[in-house]
2 protein chains.
Amino acid sequence: MKKENSTNSINARQLKGDCGTVFTLSLIGNRWKPVIIWRLLDGKMRYTELKKSINGISERVLVLQLREMENDGLIQRLIYPEVPPRVEYELTPLGLSMEPILEVMSAWGLDHMPQEQEVPIKVAG
Amino acid sequence: MKKENSTNSINARQLKGDCGTVFTLSLIGNRWKPVIIWRLLDGKMRYTELKKSINGISERVLVLQLREMENDGLIQRLIYPEVPPRVEYELTPLGLSMEPILEVMSAWGLDHMPQEQEVPIKVAG
DNA sequence: CCGCATCCGAGAGGATACTG
DNA sequence: CAGTATCCTCTCGGATGCGG
C-alpha cells in the first residue's frame, strides 16, 4: 500500500503494473494452461499422458491450449517419426520461467481456500 | 524442474498446485480484476474515480466485477448516506494479500513483453 | 453520482464421432 | 497414438438507456 502519489491521477507504476499483469494473464490466465505447465514442470510428457493426467479436459481443448502455448513460445512440440506416432511436449526456457508465478499463485490459493481439504493422492498409475 | 517422481502417475504436489492456482485464478484470472486491485493498492477510491482511471471498462462490467470481488471478500464497499450518493471501494486484508501475486505477474510480464515500450504517463487528472 | 436493466456478439470450453 | 471435425452451451464483456 504505497501512497507516494496523493493526487487522483494515475501513476506510472500502476499503468506498468496493469500492462504486465494483463500480458501475463493473456498467456496463462485461463482454465487449463496453468495446469498444463504445472504438469510439464516435472519433465516432458506425451499427449495421451497429459490428457490422462489432467482430469476433465477434452481432447479438443487440450490440443487448442497446447497449440496456443506453442505459438506463445511456452512449450516445444517434439515429433518422433515413428509408427505408432509419438509426440512429446516440453517447456521452453520461457515456459520454465513461469514456475515462480505458479508457485506464488498456488501457495496463496492453498492458504486461502475455504476449507483446505487434503487432496487424495490415489491416482491410477 | 523436479524429477522426484519418475513414474507417470501424478503426485500430490501437482494436484495441490493445480488446486491452488485454479482457485487463485477463479478470483483474479480475468480481464479487469487485477487492474482494479492494482488501483486500490494506493488506497480507497470512489466509483467514478475508478471508472475514469480504468481505460476502456464499461459501467456494467465495472459494477459486476466490484460485486463479485465484494462477495469473494477481496474488497469492501463503503456507502456514505449523502446526497449526491458517495460510495468508496477499499481492499480488505484478503485483497491486500494479493499484492505479491500481482507484483510477480507484473514483473514477469514487463520482462517478457515483445517490445517494452514506455507507457506514456500523461493522464488527465 | 452510482448504479441497474436489457440486449447483444464473440469466443472459451465441452461432448462426441471420426481419421492418418 | 495423436490428433480433426462438428456441434453446442454458457459466460464474459460491450453498448446503451433509465432510475433513485
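Just so it is clear, the structure is predicted and the values come from calculations on it, not from any experiment. Note on naming: letters A, B, ... go to the chains in the order of the sequence lines (proteins, then strands), and numbering restarts at 1 for each one.
Between the NZ atom of B/K51 and the P atom of C/dG3 there is a distance of 11 Å, rounded to whole Å. The nearest whole Å value for the distance from the OH atom in B/Y89 to the P atom in C/dC2 is 8 Å. In this structure, NZ of B/K52 is placed 13 Å from C1' of C/dC2, rounded to the nearest angstrom. The CG-P distance, from A/L78 to D/dC1, rounds to 18 Å in whole Å. Straight-line distance from the CD1 atom of A/I79 to the C1' atom of D/dC1: 13 Å, rounded to whole Å. Regarding A/I54, its CD1 atom lies at a distance of 15 Å from the C1' atom of D/dA2, rounded to whole Å. Remark: P of C/dC4 and CD of B/E68 are 13 Å apart, rounded to the nearest angstrom. For A/R31 and D/dC10, the CZ to C1' distance is 15 Å, given to the nearest whole Å.
A donor-acceptor pair shorter than 3.5 Å cannot be found between the side chains of A/W38 and B/T21.
A parallel orientation is assigned to the rings of A/W108 and B/F23, their planes being inclined by less than 30° (bins at 30° and 60°).
With A/T24 contributing its side chain and B/G109 its backbone, the two residues share a donor-acceptor pair below 3.5 Å.
Nearest-nucleotide positions on DNA chain D for B/N30 and A/E88 put A/E88 closer to the 5' end.
Residue B/Q65 is in sugar-phosphate contact alone, with no base atom involved, counting any heavy-atom pair closer than 4.0 Å across all strands shown. Nucleic acid contact class of A/Y80 (heavy atoms, under 4.0 Å, all strands): none.
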Would you tabulate the pairs of protein nitrogen or oxygen atoms and nucleotide nitrogen or oxygen atoms of nucleotides 4-6 of chain D closer than 3.5 angstrom?
from	atom 1	to	atom 2	distance (Å)
D/dT4	O4	A/E59	OE1	3.2

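Contact annotation: B/S58 does not reach the phosphate of D/dG13 (side-chain N/O to OP1 or OP2, under 4.0 Å). OP1 or OP2 of C/dC2 lies within a sub-4.0 Å distance of a side-chain N or O belonging to B/R46.
Using a 4.0 Å cut-off between charged nitrogen and carboxylate oxygen, A/R86 and A/E88 count as a salt-bridge pair. With salt bridges taken as basic N to acidic carboxylate O contacts below 4.0 Å, one links A/K33 and A/E68.
Interatomic distance, CG of A/L66 versus CG of A/L40, reported as 8.0 Å (0.5 Å rounding). To the nearest 0.5 angstrom, B/M113 atom CE is 10.5 Å from A/L27 atom CG.
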